[in-house]
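Before any comments, here is the structure.
Letters go in sequence order (proteins before strands), and every chain restarts at 1. Below, all heavy atoms of this structure are taken into account, side chains as well, without hydrogens, waters or symmetry copies.
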Amino acid sequence: MSGPEFPMSCPLPTGDGETVQMAHGGGGRAMARLLDTVIRPAFDDAELDRRHDGAVVEVGGPAAFTTDSYVVRPLFFPGGDIGTLAVYGTVNDLAMCGARPLYLSVGLILEEGLPLDTLRRAVASMRDAARAAGVRLVTGDTKVVDRGKADGLFVNTAGIGRVVAPAPVGPAAVRSGDAVILSGDIGRHGMAVMAARENLGFETVIESDCAPVAAPVLTLLEAGVAVHCLRDLTRGGLASAAVEIAETAGLALAFDEAAVPVRDDVAAACELLGLDPLHVANEGRFLAIVDPADVDRAVAILRDHPVSAGAVAIGEVRDGPAGRVTCRGPLGVDRVVDMLSGEQLPRIC
Amino acid sequence: MSGPEFPMSCPLPTGDGETVQMAHGGGGRAMARLLDTVIRPAFDDAELDRRHDGAVVEVGGPAAFTTDSYVVRPLFFPGGDIGTLAVYGTVNDLAMCGARPLYLSVGLILEEGLPLDTLRRAVASMRDAARAAGVRLVTGDTKVVDRGKADGLFVNTAGIGRVVAPAPVGPAAVRSGDAVILSGDIGRHGMAVMAARENLGFETVIESDCAPVAAPVLTLLEAGVAVHCLRDLTRGGLASAAVEIAETAGLALAFDEAAVPVRDDVAAACELLGLDPLHVANEGRFLAIVDPADVDRAVAILRDHPVSAGAVAIGEVRDGPAGRVTCRGPLGVDRVVDMLSGEQLPRIC
Amino acid sequence: MCLAVPGRVLDVAGDEPILRVGRVDFGGIVKQINLAFVPEAQVGDYVLVHVGFAITVIDEAEAERVFRHLEEIGELVVEEDGAA
Amino acid sequence: MCLAVPGRVLDVAGDEPILRVGRVDFGGIVKQINLAFVPEAQVGDYVLVHVGFAITVIDEAEAERVFRHLEEIGELVVEEDGAA
Amino acid sequence: MEVCGGQTHAIVRFGIDELLPDGLSLVHGPGCPVCVTPVEYVDKAIEIAGRPGVVLCSFGDMLRVPGSAGDLLAAKSRGADVRVVYSPADAVAIARAEPEREVVFFAVGFETTAPANAMAAVLARREGLGNFSMLVSHVLVPPGMRAILEAPGNRIDGFLAAGHVCTVMGFEEYEPIAASYRVPVVVTGFEPVDILEGVYWCVRQLEAGRAEVENQYARAVRREGNRAAMATMREVFRVVPRRWRGIGDIADSGLGLAEAYAGFDAERRFGPVLLEAEAAGECISGAVLRGERRPTDCPAFGTRCTPEHPLGVTMVSSEGACAAYYRYRGAAAVAGGRR
Amino acid sequence: MEVCGGQTHAIVRFGIDELLPDGLSLVHGPGCPVCVTPVEYVDKAIEIAGRPGVVLCSFGDMLRVPGSAGDLLAAKSRGADVRVVYSPADAVAIARAEPEREVVFFAVGFETTAPANAMAAVLARREGLGNFSMLVSHVLVPPGMRAILEAPGNRIDGFLAAGHVCTVMGFEEYEPIAASYRVPVVVTGFEPVDILEGVYWCVRQLEAGRAEVENQYARAVRREGNRAAMATMREVFRVVPRRWRGIGDIADSGLGLAEAYAGFDAERRFGPVLLEAEAAGECISGAVLRGERRPTDCPAFGTRCTPEHPLGVTMVSSEGACAAYYRYRGAAAVAGGRR
Ligand code: SF4
Ligand code: SF4
Ligand SMILES: [Mg+2]
Ligand SMILES: [Mg+2]
Ligand SMILES: [Mg+2]
Ligand SMILES: [Mg+2]
Ligand SMILES: [Mg+2]
Ligand SMILES: [Mg+2]
Ligand SMILES: [Mg+2]
Ligand SMILES: [Mg+2]
Ligand SMILES: [Mg+2]
Ligand SMILES: [Mg+2]
């Protein structure tokens, strides 16, 4: 045999440390390091949850509890990203329960191959958003799935808040004659994401309205406004929210299309794609249904907060037919507004 | 032109109502119907959350709060499924906080094309598991992603429990000399899932140990056992749990390998695949670290509950080196036990 | 059918007739549009766009006539504010 | 290297030598194994299996000898309890 | 009758019909190219989409049109690579970017869309994109109008002609129709004021006993149409007979690929579409398309037939008359009653 | 020296070395076929896995072996279709079930694994599976032992020969080694008691001045080996020169596909593996593989080099000596200090 050479070394692998690997979800060392270096630094309350199964928190009264998963594509879009969305979305749902948002849990599902830098950015967004909204991220979980079995990053948040509304807030509290207030212009989030995702070639950037709306809601409640129902206008937009409330309350709801603010660029984008702004998602807009006596005061309070500076009274709740939502058009004729049917698809004809 | 015939009909589409479509997540009619017919019937507390943004709950004291996402393949496996896992996993994490599990949120991410029947089965499992564990599913969320962007069904649960432990439970409470109790045989869940997933051709069916462990934990606490730390042995298995506790506590942990129960079939499966049972996941097993004075009483209490009938004291906590976990082998020599490094892969050599 | 939206031509590029394109402003949204079918379109013109192709140049005098009608009946212009 | 695990042959099937297979019991786990390399293996024999192929039939008398050693030093049989 | 579904929607959405005096009723026409695409083309598109390596590109409207067993969205949910394009040029861009895949563009539309779809073929040929083809089911408006006028139940007194179709084609071809069937034809735009004016001009003609072609939509439509667009359309397409879903076979009523572009014909590449006799059912969309019946005449409307589970083509497309009624009139009331 | 990594693990795991008297030290050998696979083969496997339409099948151990830029797991995370198989027959089954894909099996191993891998080729040929091929980097133990004995720093007094290799090959080929290098060779099993007995027999020979081949593992090993297994192995493979990662080129030290099976050679199908000179670095795994140094002699051990981020092959495979030490000895202490 030929005399083998014996180099005193073995090759240096460069590794692939900058993307998520299955091992990051395996419950071992790689996962511990991912949690220690990437995930936990974003949590305000590392001490609460550090390497334990959950957090211990104080609510001090009736609690609101909610959850949402976030599956947005692209992960980063003008005006926000999946991290801000995941925090504000759940904060807003707590606010819609008449509660002060306090604690959030975070469940991450990572697709193998996700750049760690993407994860870092999303997690930093969550931290910043939590600070902006005054909530604490106190417990979390991370899973990794095989490449092709997810879409980069899915985020679930669940939230706990302290209920501050003096009376139950929800469709059941809605009464005929109540005023319907919209907190600002609609359609920005959905169009921002669609424009970013669908390669529509829009040069103009539409920014999502993604924002926490707890502050104006809490001010309304603190001011003693008789808030009967709150609903954020996420998937399905204003139309679906209004129909859901009307159906659940067993009442009708009528509003004036001209009163609904839609920014020019959003209106133009909707027109180009054949979409109705009433069906487009928002992430920083809500309906407040209040006692008619309080409507002016409520609008004024909302307008004092930047996030609801564009608040307007758009309509009213009426006696039946149950679930019927109508919208008065420019020719003075009412049309029925329904939930979105099926998926929202751009149209050409 | 030829005279056209004018049939008074148009074709009847059969539709494809039995799989999940993107429209089921679109926030419109199709989604409302999915929620009304498939998802909400599984929630005990439909009235709490029906068509509202969250649930209002009462905890009545310090609360434990935790979350986990479940991404198991296959969705149904011997001894459980993603639904039971999602409920028991979060129930168990609450128990590990020394808390009585009360409320769960459920976040579903559905892949387009998922058979609705699969969803129905998973949701029914969640309902049954919640009943079995004495918790209420009070709020939820459903998202649908494009085919190929998820893996059938992902489930997130978050949970709230009332803390009943009189003193904080966690690694920080662990002291040198504490006894380490294991609640039963290890390795069944991980091997059950791997055997079902990897087409290993095992004729023998290994059943997951998936089970809620809150009951024995609450009995320990009610009996006044000085429970210092609790940890369920999920991803990464006994080894990772022990190392995490030891590292966080800044202490060493030593146990006797012979004392750790492993069923014959699990041991054989591990041997065939070159895996160490100490690294294999469990879903109904935990470590209880208790004051040494209480060890016999604690083991006796645990053995009274079917889910921890196999409880055994396996070792003890020692002063430093911090984070070192050792295991005494059959020849009487201690070896270091570390977390799983990287992903668990079957070996041939 | 045949959703078509008016927009104002901001610029024009492309050497060959069939590759003629321009940036078109639709009331705030700017998007590149194929101008092959409107060789006469100049910067500043309003064109009617369908599936990414301009299909005609809008006659502003005629648009003006309809716009006056609109004012008469007090209608809010919903679709063609850019062109009207 | 070369993880090999002993198991007991429960049955044998397959017409041709290279397709000879059998169900093998590894201390509770039963799995089909290729027996092409152990034409002499009979039902009841212990075989040593590597990557799905039996590579030898275990000599029980010899196994017995080692097993006695084990008892002498009080060792727990970790790997070969089936064969020992 | 307003021929165009876009006008139908504007009418229903803005309540224009409710503003009209008694005795004047707007009849909704067959003006949705998505609606009238034969089921066999949808089935073919689904079949092609299901083949490995194929990307099927379609306008969004087409995705929910029911084939004989499900729609393109359902095919996508089973794993087919179905992509929504906003422009036919997007489909060409996909073929360019993914040369290892077969890109098939489902080309439907009236004359408005035909030049753009034709341009896709021109660009693909110019670039030598061997992986691009088109499944063509284009229809032409004038033969459709003639078919309606010749139907036994015809009750149309005048037409609002489709403004965007005329933007491309001009309106010379409507003059013989107006003359021979003695119906006024007013080329009309899409704003409420356009439609009101179009109706007014139509009534004015009827009152004066005239039957001419008038152009209300003069800001966008020239008599001679768009010559450049027509040239491209005629280079790529030739006139062929077509079946209109819900209506039937109409001679010379559609476009197919001309011989010079036959290489881009998806039917050559993936097999021809074979038309079969349409089955009967409770849906009356044929009569709706021809303007003989209204959506609310249909017993299934809003109950067994909704936009999510359409029984007929006029409920499928958001431009279809049944969908327009459901959306702006009957939805919540019917839905509220159901749940 | 125990040649086999399986024995190294048993030694470290059960603490057998700690039970031995002073003066008797166990030197860990090159006994991990995964470890010694040249980096260029790993790179080739990654390159092949990255091609569209390819399924790369590999034993789980091979997935974390670092190539020159990442491992197969990282390739999978970038979208490559890399699948773990438990048996080479599984790879053949995949080729059978997915005829439209190219299935490449990364065939590594010592003599223990060679017959099973050879059988995969036999089955594929028998079934005419044109979409199956193997990337072969098989090594043989006796030439490796000779290379260690001939190395300048050699300090081996006796061998525990690898029991499972001998199960296939028998032990006749070790007799010339024992004789010409004057070292005892004891064919040894994998239980702690086997290893203790193997060590004892080795010491007994050394004390008696003997240098023979003895068979401690007689329950599994026959002098002549497994003739059926050897026949299949020799039908499919031929002896070739091989580079051993960390050690270097050794003549006649490996197996490649015989001419009759060359049609299944992935190197023919996807281009040959081109070996380059190994680069220098701080890792001393070459010396570890040859038994000249211990893992704990390495300054990178447990700090810059861990199983998650291995610098060298002996940390990669769970059978590698560095991995065994990290796992059972140094892990928590080192890790605790780091964090
Ligand atoms: S409502 Fe439905 S079933 Fe009735 S005509 Fe319209 S499409 Fe056909
Ligand atoms: S510890 Fe790592 S760097 Fe050191 S010899 Fe072993 S493999 Fe090489
Ligand atoms: Mg836990
Ligand atoms: Mg919510
Ligand atoms: Mg997504
Ligand atoms: Mg929400
Ligand atoms: Mg967790
Ligand atoms: Mg909400
Ligand atoms: Mg948890
Ligand atoms: Mg999964
Ligand atoms: Mg958990
Ligand atoms: Mg939700």
Side-chain angles (χ1 to χ4, degrees), chain A residues 22-23 26-32 50-59 62-69 71 93-94 96-97 103 105-107 109 138-141 143 145 148-151 154 156 158 160 163 170-171 231-232 234-237 240 244 248 281 339-344, chain B residues 22-23 26-30 32 50-59 62-69 71 93-94 96-97 103 105-107 109 138-141 143 145 148-151 154 156 158 160 163 170-171 231-232 234-237 240 244 248 281 338-344:
Chain A
M22 290 306 292
R29 258 313 145 211
M31 178 159 178
R50 183 167 286 274
R51 313 191 117 204
H52 195 33
D53 292 292
V56 173
V57 298
E58 278 287 352
V59 183
F65 183 31
T66 189
T67 191
D68 266 309
S69 299
V71 297
D93 272 350
L94 291 171
M96 296 301 111
C97 296
Y103 307 107
S105 67
V106 178
I109 298 177
V138 293
T139 187
D141 175 60
K143 294 291 186 306
V145 298
K149 299 296 187 189
D151 196 15
F154 296 147
N156 174 283
I160 301 179
V163 174
R231 182 66 53 109
D232 55 347
T234 54
R235 276 181 299 176
S240 286
E244 260 191 36
T248 314
M339 285 187 180
L340 183 62
S341 265
E343 200 185 351
Q344 198 164 46
Chain B
M22 290 305 292
R29 261 308 146 211
R50 182 167 286 271
R51 313 191 116 202
H52 196 32
D53 292 291
V56 173
V57 298
E58 279 287 352
V59 183
F65 184 30
T66 188
T67 191
D68 266 309
S69 300
V71 297
D93 272 352
L94 291 171
M96 297 301 111
C97 296
Y103 307 108
S105 68
V106 178
I109 297 177
V138 293
T139 187
D141 175 60
K143 293 291 187 303
V145 297
K149 300 295 185 189
D151 197 14
F154 297 148
N156 174 282
I160 300 179
V163 174
R231 183 65 53 111
D232 55 346
T234 54
R235 276 180 298 177
S240 286
E244 261 191 34
T248 313
D338 195 16
M339 284 186 184
L340 183 62
S341 266
E343 197 186 352
Q344 197 165 45

**Request:** Would you mind telling me which of A:Gly236, A:Gly107, A:Gly148, A:Ala150 has the largest number of heavy-atom pairs within less than 4.5 Å of chain B?
**Result:**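 Winner by heavy-atom pair count: A:Ala150.
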**Asked** What residue in A:Ala281, A:Gly28, A:Ala63, A:Gly237 has the most heavy-atom pairs under 4.5 Å with chain B?
**Response**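 Maximum pair count with chain B is reached by A:Ala63.
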**Message:** Measuring only between side-chain heavy atoms, which start at C-beta, is B:Thr67 closer than 4.5 Å to A:Val106?
**Reply:**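 Contact flag for B:Thr67/A:Val106 side chains = no.
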**Asked** How about B:Lys143 and A:Asp68: do any of their side-chain heavy atoms sit closer than 4.5 Å?
**Response**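 When only atoms from C-beta onward are counted, A:Asp68 and B:Lys143 do touch, with a gap below 4.5 Å.
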**Message:** Students often mix this up, so state it plainly: with edges at 30° and 60°, are the rings of B:Phe65 and A:Phe65 parallel, tilted or perpendicular?
**Reply:**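 If you compare the ring of B:Phe65 with that of A:Phe65, the planes turn out perpendicular.
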**Request:** Please assess A:Met31 against B:Arg235 for the test side chain to side chain contact (heavy atoms under 4.5 Å, CB included), listing each intermediate value before the final yes or no.
**Result:** CA-CA 10 Å; A:Met31 178 159 178; B:Arg235 276 180 298 177; 3.1 Å; yes
**Request:** Could I get the full list of side chain to side chain contact (heavy atoms under 4.5 Å, CB included) partners for A:Ala64, not counting sequence neighbours?
**Result:**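 A:Ala64 satisfies side chain to side chain contact (heavy atoms under 4.5 Å, CB included) with A:Leu94, A:Cys97, A:Ala99, A:Val163 once adjacent residues are dropped.
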**Request:** Name the option with the most non-hydrogen atom pairs under 4.5 Å to chain A; the candidates are B:Pro62, B:Ala30, B:Ser240.
**Result:**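 With the most close heavy-atom pairs to chain A, the winner is B:Pro62.
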**Prompt:** Which pair of heavy atoms, one from B:Val145 and one from A:Val71, lies closest together, and at what distance?
**Reply:**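 Answer, listing the atom of B:Val145 first, then A:Val71: CG1-CB, 3.6 Å.
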**Message:** Tell me whether B:Thr66 contacts the main-chain N or O of A:Asp53 through its side chain, where contact means a donor paired with an acceptor under 3.5 Å.
**Reply:**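 Yes; at least one donor-acceptor contact below 3.5 Å.
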**Request:** Mind checking side-chain hydrogen bond (donor to acceptor under 3.5 Å, both in side chains) for B:Ser69 and listing every partner two or more places apart, or none if nothing turns up?
**Result:**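 Partners of B:Ser69 under the side-chain hydrogen bond (donor to acceptor under 3.5 Å, both in side chains) test: B:Asn156.
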